[in-house]
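Have a look at the structure below, then the notes.
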Protein chains: 2
Amino acid sequence: MFSHLSRSFLNLKFQCNNKFPIRLLCTKPFYKVPTAASKKVTERKGLQNQVKITKKFKQRLSDYLKDMATPEIEAKLNPLRAAVKEYADIIRNLKASNAPQNDIAKAVVELKARKKKLEEAEIELMPKDAAFDRPKLEDLLKRRFFYDQSFAIYGGVSGLYDYGPMGCALKQNMLQVWRNHFIIEDSMLEVECSMLTPAPVFKASGHVDRFVDWMVKDVKTGECFRADHLIKNHAEKLKSDKKTSDKIKEELDDILNKLDGFDNNDMQNVIQKYNFKSPITGNDLTEPQAFNLMFPTEIGPTGDFKAYLRPETAQGIFVNFKRLLEFNAGKLPFAAAQIGAGFRNEISPRQGLIRVREFTMCEIEHFVDPEHKDLPKFSKVKDVMLNLYSAEAQMDGKSFTRMSIGDAVKQGIVDNETLGYYMARTNLYLLKVGVCENKLRFRQHMANEMAHYAKDCWDAEILTSYGWIECAGHADRSCYDLTQHANATNVKLSAERKLDAPKQISGLEIVPNKAVIGKNYKKTSKEILAKLGALTLDDIKKVEETLNETNEYVLETSDGEAKLTKEMLTIKPFVKTIHVEEVVPSVIEPSFGIGRIMYAVLEHSFRTREGDEQRNFLELSPVIAPIKCSILPISNNEKFEPIIESIVQIITAYGLTYRIDDSAGSIGRRYARTDEIGIPYGITVDFESEKQPHTVTLRHAASTEQVRLELTSVGEVIRKLCTSAYTWDDVKKQFPLFTAEQN
Amino acid sequence: MFSHLSRSFLNLKFQCNNKFPIRLLCTKPFYKVPTAASKKVTERKGLQNQVKITKKFKQRLSDYLKDMATPEIEAKLNPLRAAVKEYADIIRNLKASNAPQNDIAKAVVELKARKKKLEEAEIELMPKDAAFDRPKLEDLLKRRFFYDQSFAIYGGVSGLYDYGPMGCALKQNMLQVWRNHFIIEDSMLEVECSMLTPAPVFKASGHVDRFVDWMVKDVKTGECFRADHLIKNHAEKLKSDKKTSDKIKEELDDILNKLDGFDNNDMQNVIQKYNFKSPITGNDLTEPQAFNLMFPTEIGPTGDFKAYLRPETAQGIFVNFKRLLEFNAGKLPFAAAQIGAGFRNEISPRQGLIRVREFTMCEIEHFVDPEHKDLPKFSKVKDVMLNLYSAEAQMDGKSFTRMSIGDAVKQGIVDNETLGYYMARTNLYLLKVGVCENKLRFRQHMANEMAHYAKDCWDAEILTSYGWIECAGHADRSCYDLTQHANATNVKLSAERKLDAPKQISGLEIVPNKAVIGKNYKKTSKEILAKLGALTLDDIKKVEETLNETNEYVLETSDGEAKLTKEMLTIKPFVKTIHVEEVVPSVIEPSFGIGRIMYAVLEHSFRTREGDEQRNFLELSPVIAPIKCSILPISNNEKFEPIIESIVQIITAYGLTYRIDDSAGSIGRRYARTDEIGIPYGITVDFESEKQPHTVTLRHAASTEQVRLELTSVGEVIRKLCTSAYTWDDVKKQFPLFTAEQN
């Protein structure tokens, strides 16, 4: 099916300017490599990261958007927008005049380079709430063991991370919220499929041939480098060299901007022109070679059962389609979902949790009649507001637009209700777990980014210090996946559509005379009957013609030839009333990379205590916080022990996680320690607590405010806060504020 | 470390009669292969599977044990017990007389064969409540998509299973109960480590060299067979051949009983003696070859970074020991836990979920000071009653004994409180998820089964139609794992023990004259100082001697030799007061195979409706049931729709999963359909429901009893039933029984 495609398609992952990319290269959340330039800018400028999702949020967003429209800002952005639009127009004209694909592809590379420049300018112009200091966050995450490099005592493996107690609980909570939000609320069919997958499955899906990156090797040592990384590093080094002429610097800038779109030939040209060598040995390099990103292994002892670790969970759902349809009583639409691990053998992973070799995905495959993509429950989400960055806006150099998903579907910006429904649900999920709304956008794939079979694709992208990161894809993949597996296995993967009214169909049918065929062809007759049964209408017409002309029809069998006569075959017209017709469902696929979302949430939650630059903390949503409350005796007095024990009993009864910190050290220092790991609430036991009825103080980490309340109420109050039934303001209205001498 | 061990150790997995087995081969839950004989018996007789865990359970168990003691039964068992004891005594004598290891090993093989015969007799004598029909259960599990073979449309892969919506939810619930029961209740440190693991990690743990099965190959086609399976199949076939003499049949019986304990030489002898050939082609077979059961792969593109998929999750915890200790503020004891996938490349997996290539494990590593294995919270579980099958009882041909874990530790049957604590907790977990208590025992490893470093091991074994299956292991592994990784990495993996009283230690120390060494040896001086710093007390004594004798001490360096004089080194005695000492923690490891437990629970929950042999159903514990309640309108009347909507709202508010069945078909038929997938409660909407206030009936699937209650109460009642806050008897006391005309 893909054999007519040229080798340059292998680079679609970064090129995406092609008409036939396979799904993986365009619709999944793990590809977008920020360019050198965009990264540099974000790192140099520091990203403003302290925007809270509060009541004031809408006002602030509107302020921000107004900001963006000041004459000064417009003056900066307008020429860049015009530059993008210029190329968008050129591409439209090229397409209109049926220009060669190659010319269009070249123009797209230029268009994308210009878009990137514009985006960098926009990021630079965002309001600077506070400086975000990534090394500080990374230090916290490592020190308090959210996650860290795997096998560090063995030297570590890049792209592999172990989650410690904090990260593990945070991730579990995010997955649990995901499961409730998507699977339980929408009654999806959850499955858990094998990670080990036989090679033929990925041959059919296209991964064996097309799921690749380009690499170059040191001709003498064989050391491997990802080709685009190597070019980037060399080009940046050369640019910073004083001896490099301005003209060359300009050329290098241009290369760095376009690198994402380069295919193997483009990269080879750059390597040759500038004579780039191995950065380790200085040896020559091979031409870029394709490297498949799936981890290979073998099942069983024979060595001839090739298998791969799945690079995504989706295929497991597709190969179970028949069972799932049956489970759903044969009815469409239905959605199946899977939470599980995926594996990608990145050549040289970087950027922490953003690009890893082993990761947790959540994928939904919504199977729907291709002619009925409307969805009754869409009405429930139609008013959800999204930041939509349409292909049109991208072509014209505009920014994203805030609008309701209802309007977006009505105006045809988003293709259909089912796709729109999931985008809205994703938006709600991401806000629930703590993504900042003004750092979240849905970017539509441009026509040239999408696979030929795809109807519409929108990536949820989150702005982090690494740039805009794809965290969830939403693709209408038509019937591609089921068709591929049906073709590879000869198993019908389709559903039945009930016709509004019964339909009469007419045609020709072959009626074999089994007795005569059996007598003449003995054990071959079974094969003959099977072959006759598989003939299409056109085939049957041909058989009729041949029979009429030559009085026999010759059928090839495994035994040689079978000569079938009119005595053996009758051909007659038929008329049939049918009530159902067969339909291969379309698949709408929302696909989430949980590690990326978790990292984005950590960046968006990272705060510095006002007036104390050294005191960083995480303001995690109580819904996902690994530990819901801390229990802190004001001093190490034995009298507090029974009170602490009562608190633990109450807290545990409400299923809340807690941490007791009765270590030495001032209460302020211990608060700081609990704030650092995102514990949203703190229960302090002080000398006042001893009096009957026992009271404690409850501290809100985000504001450091405290109230005093009876010990017996504390479990119920925290539970309500952690399930969004209460806000902190509700608590303040109910209980008296408490001012500690020392905090 | 293992290099002195002979090749025959490779077969420890099934032999286990050795002094130096590595952990995997003896303490993990996935090894026990039921013998041909035991399997045949259980399949022929059918296992009695209908024992419910009810209030009457204790009485019934006691009756059962009394049953076992009838003179008739004793008459059958006593000779078999005597036969076991005979060999146990022989082994004791051999050991006492320091007989050659080989003789002891041979006697152990005979002992185990006799034990097996006894066990089969015991299983046969168990009360026959009802016949268990495995094909019927398997049909149900496949038809309602609990789980099924992976990649079936591609021909399937043996040992790989996909969980459908029912199985997936059941497993998730079992894991959630596990997490709450172990991790949350005991404040363990949960981690999630990489599955991809570099080869050196498994080299250190012993898996690369020792985690193997034996296989034979067809010399012409290269087809592989697991050696013990091949022998078993051939021997059974030969036995059933009329032409086979009685003498040969007896020999074959003996082989089948001892097969588990055979090493490669034993198996080769059998294959040669009986001239066993390939069952497919009839060709000759190779000698048994070791096949490593880990799936190999490579990380990165170079091809020289060898890695494996982990066969267990434990190693990930061990390599993170330092971080976890730090997270726990440097204090012992603490427990870390991991829930995750393991992979084992079985040669020819069979027995459904019992032996698979990809599976979910739950593992706990409890790190403890080797001199303080007592545990304050042990008192909370000391009265938990367990079926303990001690090594002593096994040696003497006795059955298991029911006793409290407190007594077992007090009497020294279980080695220490920490190990005992976890055994009791495991017992409580298994009962909670629905394992029948009289089909659960804790079997102690006999001395010859345990690794030399292990202190004590107890497997939780569950009786299923495949025989007694190991489902959870409990091993005191001493300091083996941490020591292995510390040696491999040169990273200290130890904790500090605070001394009761400060201790004075004395010794010799070397004081180098850095200036003089630096002047003489320039850049080598750093290396010299490092080497001097690493000298032990004995080394220092030798240096002192040499210096005194020859006036110089020659130290080998990477630059050649360094001649150190008295001018450069001063050696003097020292006295130091220390407050802490270093200790490598012992590890106590409970390790669970969730798939096996789930399968056992399904067998133990499988019921046939009295008086209707065709109507099978699952009586799952409401705690783990995938769907908590069904909602069934008595007919397809539109009037019921608003009532059903109200029910859904109430049910959802309580976080309960539900399934609406408003399909055509009698209510009885629909009840049967919901019973089949283990839905414990059914809400029926009938014509009475329309009246104000709305009422519904609540049906208890296990008893088919129904009560009538107000619609508004139904969520709270089901929630209480599903969290064990209510029993069905409580509900019956509160609401009037309802008798349906049609059920």
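No experiment lies behind these values; they were computed from the predicted model shown. Numbered from 1 within each chain, the chains take letters A, B, ... in sequence-line order.
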Chain B heavy atoms under 4.5 Å from [X]: which part of the residue, side chain, backbone, both or neither?
X	answer
Glu185(A)	neither
Ile183(A)	neither
Phe305(A)	side chain
Gln176(A)	side chain
Ser158(A)	neither

Just give me the residue among [options] that pairs up with chain B most often, heavy atom to heavy atom, under 4.5 Å.
options	result
Ala486(A), Gly155(A), Pro165(A), Pro296(A)	Pro165(A)
Pro301(A), Cys168(A), Ala169(A)	Pro301(A)
Ile299(A), Asn180(A), Val157(A)	Ile299(A)
Ser150(A), Cys224(A), Gly300(A)	Gly300(A)
Lys171(A), Lys322(A), Lys217(A)	Lys171(A)
Glu326(A), Met215(A), Arg357(A)	Arg357(A)

Short N-O contact, Glu346(A) and Arg355(A), less than 4.0 angstrom
yes
Glu676(A) and Arg143(A) ion-paired at < 4.0 Å
yes
Check ring pair (Phe, Tyr, Trp, His ring centres under 6.0 Å) between Phe291(A) and all other residues, then give those that pass, not counting sequence neighbours.
none
Roughly how far apart are [X] [atom1] and [Y] [atom2], rounded to 0.5 Å?
X	Y	atom1	atom2	value
Ile280(B)	Asp218(B)	CD1	CG	8.5 Å
Leu324(A)	Ile317(A)	CG	CD1	7.5 Å
Cys362(B)	Arg179(B)	SG	CZ	8.5 Å
Phe145(A)	Asn328(B)	CZ	CG	12.5 Å
Phe334(B)	Phe321(B)	CZ	CZ	5.0 Å
Phe295(A)	Asn345(A)	CZ	CG	3.5 Å

Chain A contact via [X] - side chain, backbone, both or neither, heavy atoms under 4.5 Å:
X	answer
Phe343(B)	side chain
Asp148(B)	both
Lys142(B)	neither
Gln338(B)	neither

Sub-4.5 Å side-chain heavy-atom contact between [X] and [Y]:
X	Y	answer
Leu293(B)	Val212(B)	no
Tyr308(B)	Val201(B)	no
His485(A)	Leu482(A)	no

Select all residues of residues 652-665 of chain A having any heavy atom within less than 4.5 Å of some heavy atom of chain B, and report them by number, or 'none'.
Thr657(A), Tyr658(A), Arg659(A)
Using atom types as modelled and distance alone, determine if a side-chain donor or acceptor of Glu365(B) lies under 3.5 Å from a backbone N or O of Ala336(B).
no
Using a cut-off of 6.0 Å, state whether more than 12 heavy atoms not belonging to Lys492(A) lie near its atom NZ.
no
Those residues at least two apart in sequence (or on a different chain) that pass side-chain contact (heavy atoms from CB on, under 4.5 Å) with Thr489(A) are Val491(A), Ile153(B), Tyr154(B)
Of all heavy-atom pairs linking Met166(B) and Phe327(A), the shortest is CE-CZ, 3.8 Å
Any residues in residues 187-196 of chain B near chain A, with a heavy-atom distance under 4.5 Å, and which are they?
Ser187(B), Leu189(B), Glu190(B), Val191(B), Glu192(B), Cys193(B), Ser194(B), Met195(B), Leu196(B)
With chain A, which of Asn292(B), Leu493(B), Thr197(B), Asp304(B) has the greatest number of heavy-atom pairs at distances under 4.5 Å?
Thr197(B)
Just say parallel, tilted or perpendicular for the rings of Tyr163(B) and Tyr147(B), cut-offs at 30° and 60°.
tilted
